[in-house]
Amino acid sequence: MPWLEIKDPYKIWISEIILQQTRVAQGWDYYLRFIEKFPSIDILAFAKEDEVLKVWEGLGYYTRARNLLKAAKIIFKDHNAIFPKDYEKILALPGIGPYTAAAISSFAYGLPYPVLDGNVLRVISRYTANDQDILSSKTKKIIENYLNELMQEVKDPAIFNQAIMNFGAMQCTPRNPGCESCQMSKHCMAFKEGLVEQIPFKLKKVKKKVRTLNFIDLIDNRGNRLINKRTEKDIWMGLYQFLLLESNIKFSILEIEETIISNEIKTKGKLTLVKQNEYRHELTHQTIKGKIFTVRCKEIINAGPKMIKTNSLSGYPFPKLLDLYLQDNHDNYDK
DNA sequence: AACTCGGGGCT
DNA sequence: AGCCCAGAGTT
């Protein structure tokens with residue numbers, strides 16, 4: 001993508017983090033909004049985690065956002081609020097691995113570090129007809145060594161890295177690569193041997209879990225809701241949710257009442273189940289069945305130890321699943 | 001080395 | 001339904 005015009009290491013950093021496992025079309029608006037809200041390292045360094053996650057809401061892989069904040073604080077404290085110019089120091093920042101460190105080093109500072117992403121792995125494994133498991137660290141090391149040697153003769157590492165990734169994205173694509181019109185095909189070992197369709201080879205297949213999440217959206221007559229922050233090392237860590245019970249058991253008003261009581265939540269008035277939504281949320285590694293029970297009562301007196309009582313949901317980041325629910329029920333949503 | 005982390009687009 | 005995406009951190 002046209003990050004070539006961007007020379008500000010901060011902006012390159014943000015864009016590269018957003019583009020991890022994320023397509024340009026999906027991440028572009030997030031990038032614009034992130035830079036608008038947090039224009040510089042020192043502003044980001046003093047942001048609240050909820051603010052950063054709110055901008056990230058819906059993009060996924062939320063650890064990226066939490067690590068951006070952590071890294072900004074480190075840069076502010078240890079690097080005088082100036083983005084480090086040394087590869088090892090860049091790599092040491094949380095959320096920055098080998099790919100992103102090489103990308104920033106080459107794009108912002110012209111340093112000779114080759115990027116190794118999905119595109120590059122595909123291009124080089126085909127070019128050299130490497131049919132070993134592309135995800136194994138051994139194969140990655142072989143390709144990394146190949147690129148490091150190549151990089152010694154490169155005049156402009158930024159152009160080289162951009163070019164090879166673009167070549168992977170535009171020409172040497174995962175499916176239906178344009179071998180017939182490819183300038184490189186006469187040197188491509190996979191093309192010569194008729195192995196283009198089988199390379200890159202991947203060994204492992206993800207096994208999907210199925211989880212049923214029962215959320216209780218308890219609302220009182222003043223518009224108060226009960227939410228809590230997900231703190232456990234699980235999907236959506238750092239985001240907010242309604243009272244949750246993960247279980248396959250069938251929920252009725254009886255189970256809802258029991259769940260509310262067992263969480264030490266105290267309410268006044270009769271609990272009424274006014275609506276029941278179900279969303280099937282397909283992710284790469286799991287299928288989540290989200291059942292959301294909208295329950296009304298006269299008054300929420302005590303939120304209990306884990307929950308927050310609030311009459312304003314705006315400002316709290318929610319998983320896509322719950323955001324969908326809130327959009328579908330905007331009549332009782334202040335967002 | 002194997003697992004886990006989201007969401008969306010394409011076939 | 002399966003695969004992939006300008007990957008990184010944890011176990």
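Below, each value reflects all heavy atoms present in this structure, side chains not excepted, and no hydrogens, waters or symmetry copies. By convention in this document, chain letters (A, B, ...) are assigned in the order of the sequence lines, proteins followed by strands, and residues within each chain are numbered from 1. All values reported here derive from a predicted model rather than from experimental measurement.
Atom pair A:E232:CD and C:dG9:C1' shows a separation of 18 Å (rounding to whole Å applied). Computed from coordinates, the A:L53 CG to B:dG6 P distance equals 10 Å when rounded to whole Å. At whole-Å resolution of the value, CD in A:E282 and P in B:dG8 are 12 Å apart. Distance, A:K320 NZ to B:dG9 P: 10 Å, rounded to whole Å. Following rounding to the nearest Å, A:I17 (CD1) and C:dA8 (P) show an atom-to-atom distance of 7 Å. Here the P atom of nucleotide C:dG9 and the CD1 atom of A:I96 are 9 Å apart, to the nearest Å. In this structure, A:L68 places its CG atom 12 Å from P of C:dA8, rounding to the nearest Å. For A:Y61 and C:dT10, the OH to P distance is 15 Å, given to the nearest whole Å.
Heavy-atom nearest nucleotides on DNA chain B were determined for A:K138 and for A:T63, and the one closer to the 5' end corresponds to A:K138. Mapping A:A25 and A:K209 onto DNA chain B by nearest heavy atom places A:K209 at the nucleotide closer to the 5' end. Nucleotides of DNA chain C nearest to A:Q21 and A:K70 differ in position, and the one nearer the 5' end is that of A:Q21. Both A:A101 and A:R23 lie near DNA chain C, and the one whose nearest nucleotide falls closer to the 5' end is A:R23.
For the segment residues 283-293 of chain A, residues with any heavy atom less than 4.0 angstrom from an atom of DNA chain B are, sorted by number, A:L283, A:T284, A:H285, A:Q286. Residues from residues 118-129 of chain A that place a heavy atom under 4.0 Å from any atom of DNA chain B: there are none.
Rounded to whole Å, the P atom of C:dT11 lies 15 Å from the corresponding atom of B:dG6.
Listed by chain and residue number, A:F34 satisfy the ring pair (Phe, Tyr, Trp, His ring centres under 6.0 Å) test with A:F38 (two or more places apart in sequence, or in another chain). Taking the side-chain contact (heavy atoms from CB on, under 4.5 Å) definition, one finds that A:T310 meets it with A:I227, A:S312, A:L313, A:Y316, sequence neighbours left out. By the side-chain hydrogen bond (donor to acceptor under 3.5 Å, both in side chains) test, A:Q20 pairs with A:T100, sequence neighbours left out. Partners of A:A101 by side-chain contact (heavy atoms from CB on, under 4.5 Å), not counting sequence neighbours, listed by chain and number: A:Y87, A:I90, A:L91, A:I96.
Phosphate proximity of B:dG6 to A:W56: absent, as no side-chain N or O sits under 4.0 Å from OP1 or OP2.
Residues in residues 132-190 of chain A take part in no ring pair (Phe, Tyr, Trp, His ring centres under 6.0 Å) pair, two or more places apart or across chains. Counting only residues at least two apart or in different chains, salt bridge (Lys or Arg N to Asp or Glu O under 4.0 Å) contacts with residues 248-272 of chain A comprise A:K268-A:E299. Every pair passing salt bridge (Lys or Arg N to Asp or Glu O under 4.0 Å) that includes a residue from residues 120-146 of chain A is listed here, sequence neighbours excluded: A:K141-A:E144.
Nucleic acid contact class of A:D234 (heavy atoms, under 4.0 Å, all strands): sugar-phosphate only. If you check every strand for non-hydrogen atoms under 4.0 Å, A:L59 touches a base. Residue contacts shown for A:G168 are absent, as no nucleic acid heavy atom lies under 4.0 Å away. A:T100 comes within 4.0 angstrom of the backbone, heavy atoms only, and of no base.
Within the 6.0 Å centre-distance limit, the rings of A:F83 and A:W13 are counted as a close aromatic pair.
Listed nucleotides B:dG6, C:dA8, C:dT11 differ in distance to A:Y99; the shortest reach to its side chain belongs to C:dA8.
Side-chain atoms of A:T22 and base atoms of B:dG7 include no donor and acceptor less than 3.5 Å apart. A donor-acceptor contact under 3.5 angstrom links the side-chain atoms of A:Q26 to the base of B:dG7.
Note that OG of A:S106 and CG of A:L111 are 8.0 Å apart. Values are rounded to the nearest 0.5 Å.
Contact check for A:L218 versus A:C297: side-chain heavy atoms found under the 4.5 Å cut-off.
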